[in-house]
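Read through the structure below, which is laid out as structure tokens, and then see the notes.
All figures in this text were calculated on a predicted structure; none of them were measured in a lab. Just so you know, these numbers use all the heavy atoms, side chains as well, and skip hydrogens, waters and symmetry mates.
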Amino acid sequence: IPALLFPGLTVVVSPLISLMKDQWEQLTAAGVTAVVLNSSLTESQYRAGVRQVIERQARLLYVAPETLLLARTRDLLAGVPVAALVIDEAHCISEWGHDFRPEYRRLVTVRQQFPRAVCLALTATATPRVQQDIMDCLHFSAAARFIARLIVRACTSSAPRNRNGKPSTLLTWFGKSERPVAITYG
């Protein structure tokens with residue numbers, strides 16, 4: 001949802017091609033222009049996706065960390081306004097995580113390339129040690145930390161709480177934040 005509120009492109013880093021495909025299909029069915037750039041595409045499909053990004057038609061771009069770290073992808077993004085960098089499965093950043101991937105640790109260079117872009121790190125499996133490693137690797141300040149534990153039981157969920165103990169929403173929190181932020185779902 002934040003990607004639809006931000007002006008510019010939201011880049012989503014995902015380690016799984018099947019997950020990218022599923023999310024792309026759902027967004028496309030909902031009328032949201034999203035692009036996937038990964039190794040499963042033909043050359044013509046890849047070029048069509050690049051064209052959508054260049055022409056600023058896409059709201060979201062899904063890429064694997066390896067694709068995002070390529071010079072051609074970084075050059076492509078340098079020519080468009082990147083509003084947000086979303087790192088899905090962020091526990092892959094951590095050397096202490098169960099799915100450590102070295103490419104994920106290099107994503108900080110992309111964050112540095114787009115310092116004004118909001119940066120979100122999302123995971124459902126981060127221990128406190130992994131959370132700290134994610135924050136350290138991506139150079140997040142402690143003030144940028146927002147942890148929401150969503151527990152879904154019988155169609156109900158527990159909302160994150162603000163400092164006063166009242167339910168807080170992501171959109172409220174984004175609206176008050178002037179700096180790039182991290183979100184960790186644990």
Side-chain angles (χ1 to χ4, degrees), residues 1-28 32-126 130 133-140 144 179-185:
I1 293 176
L4 301 179
L5 301 175
F6 296 140
L9 182 68
T10 293
V11 178
V12 181
V13 180
S14 178
L16 304 171
I17 290 174
S18 60
L19 181 59
M20 287 184 231
K21 183 179 181 292
D22 289 346
Q23 291 178 353
W24 175 82
E25 287 174 350
Q26 291 175 13
L27 288 166
T28 301
V32 178
T33 306
V35 170
V36 173
L37 296 179
N38 62 41
S39 60
S40 73
L41 304 176
T42 66
E43 187 61 34
S44 64
Q45 291 171 320
Y46 197 96
R47 280 194 308 266
V50 167
R51 190 170 40 259
Q52 283 184 294
V53 172
I54 290 170
E55 294 174 359
R56 300 180 183 188
Q57 296 172 354
R59 299 289 296 161
L60 291 108
L61 170 63
Y62 286 86
V63 292
E66 297 83 0
T67 302
L68 181 56
L69 293 169
L70 293 172
R72 71 177 181 174
T73 307
R74 303 275 295 268
D75 291 345
L76 168 67
L77 295 177
V80 297
V82 175
L85 173 64
V86 178
I87 303 168
D88 197 12
E89 306 294 337
H91 58 272
C92 295
I93 290 171
S94 179
E95 292 176 315
W96 309 109
H98 62 280
D99 286 331
F100 173 63
R101 289 177 61 172
E103 299 83 7
Y104 262 76
R105 288 190 83 76
R106 293 180 40 219
L107 293 175
V108 69
T109 61
V110 179
R111 184 163 190 254
Q112 291 165 341
Q113 182 179 351
F114 304 101
R116 297 184 58 108
V118 171
C119 185
L120 311 176
L122 307 174
T123 181
T125 59
V130 169
D133 199 26
I134 291 167
M135 291 181 64
D136 292 345
C137 182
L138 293 175
H139 301 229
F140 288 141
R179 296 182 42 116
V181 297
I183 298 177
T184 303
Y185 289 165

Checklist line | Of all pairs that satisfy salt bridge (charged side-chain N to carboxylate O under 4.0 Å, His left out), the ones with a partner from residues 12-26, not counting sequence neighbours | finding: Lys21-Glu25
Item checked: Partner set under side-chain contact (heavy atoms from CB on, under 4.5 Å) for Ser18, not counting sequence neighbours -> Leu16
Notebook entry, point to check: side-chain hydrogen bond (donor to acceptor under 3.5 Å, both in side chains) with Glu103: which residues, sequence neighbours excluded?
Noted result: none
Donor-acceptor contacts under 3.5 Å from residues 48-58 side chains, at least two apart:
unit_1	atom_1	unit_2	atom_2	d
Glu55	OE1	Gln57	NE2	2.9
Arg56	NH2	Gly79	O	3.3

Item checked: Interatomic spacing from CG in Leu37 to CD in Gln45 - rounded to 0.5 Å -> 11.0 Å
Under 3.5 Å, which donor-acceptor pairs do the side chains of residues 66-75 form with other protein atoms, sequence neighbours left out?
unit_1	atom_1	unit_2	atom_2	d
Glu66	OE1	Arg101	NH2	3.1
Glu66	OE2	Arg101	NH2	2.6
Arg72	NH2	Tyr46	OH	3.4
Thr73	OG1	Thr67	O	2.7
Arg74	NE	Gln113	OE1	2.4
Arg74	NH1	Thr109	OG1	3.3
Arg74	NH2	Thr109	O	3.3
Arg74	NH2	Gln113	OE1	3.2

Next item on the list: Of all the heavy-atom pairs spanning Ala64 and Met20, show the shortest one and how long it is.
Entry: N-CE, 3.5 Å
Checklist line | Presence of salt bridge, Arg105 and Asp133, under 4.0 angstrom | finding: yes
Note to self: For Thr28, give me all partners under side-chain contact (heavy atoms from CB on, under 4.5 Å), at least two apart in sequence or on another chain.
What the structure shows: Trp24
Check: CZ/Phe114 to CG/Leu85 distance, rounded to the nearest 0.5 angstrom?
Finding: 8.5 Å
Note to self: Just verifying a value: how many Å separate Leu60 CG and Leu9 CG, rounded to the nearest 0.5 Å?
What the structure shows: 7.0 Å
Check: Between Arg59 (side chain) and Val32 (backbone), is there a donor-acceptor pair under 3.5 Å?
Finding: no
Next item on the list: Determine, stepwise, if the pair Val13 / Tyr104 fulfils side chain to side chain contact (heavy atoms under 4.5 Å, CB included).
Entry: CA-CA 9 Å; Val13 180; Tyr104 262 76; 4.2 Å; yes
Notebook entry, point to check: Looking only at heavy atoms, which two atoms of Pro65 and Ser14 are closest? And how far apart?
Noted result: CD-O, 3.7 Å
Check: Which heavy-atom pair separates Ala83 from Pro7 by the least distance, and what is that distance?
Finding: CB-O, 2.9 Å
Check: Only one of Ile93, Ile134, Val110 clears side chain to side chain contact (heavy atoms under 4.5 Å, CB included) with Ile87; which?
Finding: Ile93
